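What you see is a predicted model, and the numbers here were worked out from it, not measured in a lab.
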Amino acid sequence: MFRPATSSDLDLLLSARASDPVGIIEAERYRRDLDLNQYRREWSWIYEVEGLLHARALWWGQPTSDHPLTLDCLWVGPSIADPETLAGDLIAAGHHAFHAGGMVRLPDFIMDISPGWRANPDTVAAVAWRREAAVTAGLNESIERLNFAWTPESPVPGRKNRLVFGPADDAEFLDAFRSVATGSLDVHTLADIADMGPEAQAMDDLEFYLSLPGDRAMWRIATEPNGARVGFIIPSRSAYDASVSYLGVAPEHRGRGFVDDLLAEITIMHSDNGAPRITGTTDTTNAPMADAFERAGYVVTATRIVMEARPTA
């Protein structure tokens with residue numbers, strides 16, 4: 001009933017058409033990322049009846065990933081009266097196969113929607129059935145984030161020259177990750193600390209950012225002129241754009257506006273490298289970071305809802 005796509009299924013797989021306000025992966029992007037080994041047929045699951053596509057789930061990963069990292073697109077045809085049940089069963093079938101192949105951690109499910117989406121009843125309904133499907137398939141935690149982007153139409157933020165930025169080895173960055181997690185407003189960080197403890201959480205973050213396709217040589221530790229470490233920045237890349245991948249201020253230095261210095265430095269570094277677009281995200285609960293993005297000339301491009309698996313009490 002539910003199965004991964006085969007080499008003969010490409011036209012069927014790409015017959016899905018946008019039918020509600022939640023973003024859909026279009027054919028051009030799917031073909032491009034399929035060639036890059038980021039979408040794969042064995043990660044592209046379908047439900048079809050008599051040659052007609054009624055549902056699909058597209059999981060994504062890095063080109064070298066052994067297992068998918070995110071569920072990027074969950075689509076059910078408009079003729080289905082109970083989309084949450086069909087979609088939940090489809091996700092669960094994919095999860096079962098991935099577990100059988102050695103996957104340990106369930107991939108997050110990502111929905112990108114318009115800002116202010118709660119004012120649109122159609123969007124609310126489209127998010128609701130996808131959320132219900134994700135929960136039934138084991139993705140029980142929901143995080144809402146804001147996607148930001150900077151383009152050269154906005155001015156490059158100026159440096160305040162309060163901080164010195166320099167390279168450091170992985171051991172110092174590991175210690176920096178551990179430091180800035182204290183009192184973090186990031187929901188994912190707090191949940192990971194609760195699940196695995198601060199040491200493992202810091203190592204998990206370090207390993208994740210090392211896995212991104214950006215240049216490790218661009219990472220910087222930020223210090224005051226007296227050498228006191230204020231925080232750090234990771235100007236890296238997503239699969240598609242230069243990104244504000246991570247910045248953090250040590251707890252003892254918060255409240256002094258250093259977030260603006262760190263974000264400005266990331267933006268300047270990417271701009272100097274000719275980036276046509278720089279993206280970043282932050283939780284809707286992290287108002288200070290959202291305000292910093294806006295001060296630096298970034299604009300909100302979408303709301304992102306992330307569903308992930310968390311242990312239950």
Please determine whether residues [X] and [Y] belong to a single hydrophobic cluster, defined as Ile, Leu, Val, Met, Phe, Trp and Tyr linked transitively by side-chain heavy-atom distances below 4.5 Å.
| X | Y | answer |
| --- | --- | --- |
| Val22 | Trp60 | no |
| Ile234 | Val244 | no |
| Met111 | Trp75 | no |
| Met307 | Met103 | yes |
| Met289 | Val230 | yes |

When you check the gap from the basic side-chain N to the acidic O, do [X] and [Y] get nearer than 4.0 Å?
| X | Y | value |
| --- | --- | --- |
| Arg29 | Asp72 | yes |
| Asp112 | Arg145 | no |
| Asp35 | Arg32 | no |
| Glu224 | Arg162 | no |
| Arg130 | Asp20 | yes |
| Glu48 | Arg3 | yes |

Looking at every non-hydrogen atom in both residues, tell me the closest pair between [X] and [Y] and how far apart they are.
| X | Y | result |
| --- | --- | --- |
| Ser238 | Pro213 | O-CG, 3.5 Å |
| Ala133 | Ala87 | CB-CB, 3.7 Å |
| Thr123 | Pro21 | OG1-CB, 3.2 Å |
| Tyr240 | Gln38 | OH-NE2, 4.3 Å |
| Ser154 | Gly297 | OG-O, 3.0 Å |
| Pro157 | Ala264 | CB-CB, 3.8 Å |

Would you say the side-chain atoms of [X] pair up with the backbone N or O of [Y], donor to acceptor, closer than 3.5 Å?
| X | Y | result |
| --- | --- | --- |
| Thr267 | Leu263 | yes |
| Asp169 | Glu172 | yes |
| Asn120 | Asp122 | yes |
| Ser15 | Leu12 | yes |
| Arg220 | Val164 | no |
| Asp283 | Val187 | yes |

Measuring from [X]:[atom1] to [Y]:[atom2], what's the distance to the nearest 0.5 Å?
| X | Y | atom1 | atom2 | value |
| --- | --- | --- | --- | --- |
| Arg178 | Ile193 | CZ | CD1 | 11.0 Å |
| Ile25 | Leu14 | CD1 | CG | 11.5 Å |
| Thr6 | Asp9 | OG1 | CG | 3.5 Å |
| His270 | Glu265 | NE2 | CD | 11.0 Å |
| Glu252 | Arg229 | CD | CZ | 8.5 Å |
| Leu13 | Ser44 | CG | OG | 5.0 Å |

Checklist entry - Under the side chain to side chain contact (heavy atoms under 4.5 Å, CB included) criterion, do Leu212 and Ser245 qualify, and how do the steps go? => result CA-CA 9 Å; Leu212 294 180; Ser245 295; 3.8 Å; yes
Checklist entry - Can we call the ring centroids of Phe293 and Phe148 under 6.0 Å apart? => result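 Ring-ring flag for Phe293/Phe148: true, centres closer than 6.0 Å.
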Next on the checklist: A quick test of your reading: do over 12 heavy atoms of other residues, nucleotides or ligands sit less than 6.0 Å from NE2 of His99?
Outcome noted: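 Counting other residues, nucleotides and ligands, NE2 of His99 exceeds 12 neighbours.
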Next on the checklist: Apply side chain to side chain contact (heavy atoms under 4.5 Å, CB included) to residues Arg295 and Val259 and explain how you reach the verdict.
Outcome noted: CA-CA 11 Å; Arg295 288 193 298 270; Val259 63; 4.0 Å; yes
Checklist entry - Going by the ring pair (Phe, Tyr, Trp, His ring centres under 6.0 Å) test, which pairs reach into residues 153-196, not counting sequence neighbours? => result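 Of all non-adjacent pairs touching residues 153-196, those that pass ring pair (Phe, Tyr, Trp, His ring centres under 6.0 Å) are Phe173-Trp219, Phe173-Phe232, Phe177-Tyr209, Phe177-Phe232, Phe177-Tyr246.
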Checklist entry - So Asn161 and Arg159, side chain to side chain contact (heavy atoms under 4.5 Å, CB included) or not? Walk me through it. => result CA-CA 5 Å; Asn161 296 317; Arg159 288 187 173 102; 3.8 Å; yes
Any side-chain heavy-atom pair from [X] and [Y] closer than 4.5 angstrom?
| X | Y | answer |
| --- | --- | --- |
| Val76 | Tyr47 | no |
| Asp82 | Glu84 | yes |
| Ser142 | Ile305 | yes |
| Trp43 | Ser65 | yes |
| Ser236 | Met218 | no |
| Gln201 | Asp195 | no |

Checklist entry - Given the rule in the side chain to side chain contact (heavy atoms under 4.5 Å, CB included) test, do Val180 and Arg254 qualify, once you have shown the distances and angles that lead to the verdict? => result CA-CA 10 Å; Val180 302; Arg254 290 171 186 159; 4.1 Å; yes
Item to check | Residue of the set Arg131, Arg310, His95 for which side-chain contact (heavy atoms from CB on, under 4.5 Å) holds with Leu139 | outcome: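 Output: one option passes, namely His95.
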Item to check | Partners passing ring-ring contact (aromatic ring centres under 6.0 Å, His included) against Phe258 (at least two apart in sequence or in another chain) | outcome: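 Partners of Phe258 under the ring-ring contact (aromatic ring centres under 6.0 Å, His included) test: none.
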Checklist entry - Who passes side-chain hydrogen bond (donor to acceptor under 3.5 Å, both in side chains) against Arg216, sequence neighbours left out? => result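 Here the qualifying residues are Asp170.
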